[in-house]
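This report concerns only the one structure given below.
What you are looking at is a predicted structure, and each value in this text was computed from that prediction instead of being measured.
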Amino acid sequence: MQTLLFGLITGILFGFLLQKGRAARYDRQVGAMLLTDMTIIKFMLSAILVGMAGIYLLHDLGLAKLSIKGTSLGANIVGGLIFGCGWALAGYCPGTAAAAIGEGSWDAVWAALGGLAGAAIYAEAYPFLQKTVLQWGSYGKITLPQLLGVNHWVVIIVLGVAYVLLFLFFEKKGL
């Protein structure tokens, strides 16, 4: 029950931040796809960095266990293409669709329904995919720090610096 409550609280906080950052707006989504507005990209990169640091901090303190999922290039490439096409067609990703619905943007309901339909199709196709796409380029359970042979904090710091430099570049270009 405590895990569900924590998930609910963090979900509400995430939705609040999406709304405050105006990331749930359709025009911001389209701007991200056209590479004319980097608000969504900055939000995503910030979430990735905070998530990485938070997860590894909890792991280092012994408060969480890492559950690494196996790396499959086929699954990532095919899944990324499907996700990207859905985002381009709907104008929302799953998180921003939920936030937009919360704001009263009823067009986002179609994106959410499309996501649910996609999940149902994936569940039905899973036995076939498990024997094909999910096996393509399978590297097992590996992380970027393991692949590079460095401590995870090195990767987090390097990515943090790279993100800050990228954000400064976006700001300089007015993106």
Side-chain angles (χ1 to χ4, degrees), residues 6-7 9-100 108 111 115 118 133-134 136-175:
F6 183 69
I9 291 168
T10 56
I12 289 170
L13 180 61
F14 184 69
F16 175 78
L17 292 172
L18 279 174
Q19 195 278 331
K20 288 312 251 180
R22 303 176 62 96
R25 294 181 48 120
Y26 179 78
D27 59 322
R28 298 275 184 183
Q29 298 291 321
V30 172
M33 287 180 273
L34 296 174
L35 302 176
T36 59
D37 184 342
M38 293 296 140
T39 302
I40 305 296
I41 307 304
K42 290 186 275 188
F43 192 89
M44 281 190 228
L45 292 176
S46 298
I48 290 167
L49 187 62
V50 169
M52 266 193 311
I55 287 169
Y56 275 109
L57 179 63
L58 290 172
H59 178 266
D60 288 350
L61 294 173
L63 299 173
K65 285 180 68 177
L66 293 180
S67 179
I68 310 293
K69 186 174 178 170
T71 300
S72 165
L73 293 181
N76 286 321
I77 292 168
V78 173
L81 288 170
I82 293 170
F83 178 88
C85 288
W87 184 17
L89 289 171
Y92 295 102
C93 68
T96 57
V133 176
L134 299 179
W136 300 343
S138 181
Y139 289 96
K141 297 180 177 189
I142 189 165
T143 65
L144 188 57
Q146 289 171 335
L147 185 66
L148 298 174
V150 298
N151 183 284
H152 49 263
W153 289 106
V154 172
V155 173
I156 293 168
I157 291 167
V158 168
L159 287 177
V161 170
Y163 289 177
V164 167
L165 293 173
L166 187 61
F167 291 178
L168 291 172
F169 172 77
F170 289 158
E171 290 302 314
K172 184 178 176 183
K173 295 292 184 182
L175 300 170

*Check salt bridge (Lys or Arg N to Asp or Glu O under 4.0 Å) between Asp60 and all other residues, then give those that pass, not counting sequence neighbours.*
none
_Side chain proximity check, Ile9 to Leu13, heavy atoms < 4.5 angstrom_ = no
*Spatial distance of atom CD (Glu171) from atom CG (Leu168) [nearest 0.5 Å]*: 8.0 Å
*Atom OG1 of Thr96 and atom CZ of Arg25: how far apart are they, to the nearest 0.5 Å?*
13.0 Å
*In sequence, state the C-alpha distance, the side-chain angles, and the governing distance for Ile68 and Ile142, and then conclude on side chain to side chain contact (heavy atoms under 4.5 Å, CB included).*
CA-CA 7 Å; Ile68 310 293; Ile142 189 165; over 6 Å; no
_Nearest 0.5 Å, please: how far is NE2 in His59 from OH in Tyr56?_
8.0 Å
*For the student: nearest non-hydrogen atoms of Ala97 and Ala108, plus distance*: O-CB, 3.6 Å
*To the nearest 0.5 Å, how far apart are CZ in Arg28 and CD1 in Ile40?*
7.5 Å
*How long is the span from the CZ atom in Phe83 to the CG atom in Leu81, to the nearest 0.5 Å?*
12.0 Å
*Specify the closest pair of heavy atoms between Ala111 and Tyr92, including all atoms of both residues, with the distance to one decimal.*
CB-CB, 3.9 Å
*Tell me, with the steps shown, if Ile41 and Leu45 meet side chain to side chain contact (heavy atoms under 4.5 Å, CB included).*
CA-CA 6 Å; Ile41 307 304; Leu45 292 176; 4.0 Å; yes
_Nearest 0.5 Å, please: how far is CD in Gln146 from CG in Asn151?_
11.5 Å
*asked:* Applying side-chain contact (heavy atoms from CB on, under 4.5 Å), can you list everything that pairs with Leu57, at least two apart in sequence or on another chain?
replied: Leu61, Trp153
*With a 4.5 Å limit on heavy-atom distance, are the side chains of Trp136 and Ile77 in contact?*
no
*Do the side chain of Thr71 and the main chain of Tyr139 share a donor and acceptor less than 3.5 angstrom apart?*
no
*Evaluate the ring pair (Phe, Tyr, Trp, His ring centres under 6.0 Å) criterion for residues Phe14 and Phe43: first the C-alpha distance (whole Å), next the side-chain angles of each, then the deciding distance (0.1 Å), finally the verdict.*
CA-CA 11 Å; Phe14 184 69; Phe43 192 89; 5.8 Å; yes
*Evaluation steps, side chain to side chain contact (heavy atoms under 4.5 Å, CB included), between Lys172 and Leu175*: CA-CA 8 Å; Lys172 184 178 176 183; Leu175 300 170; over 6 Å; no
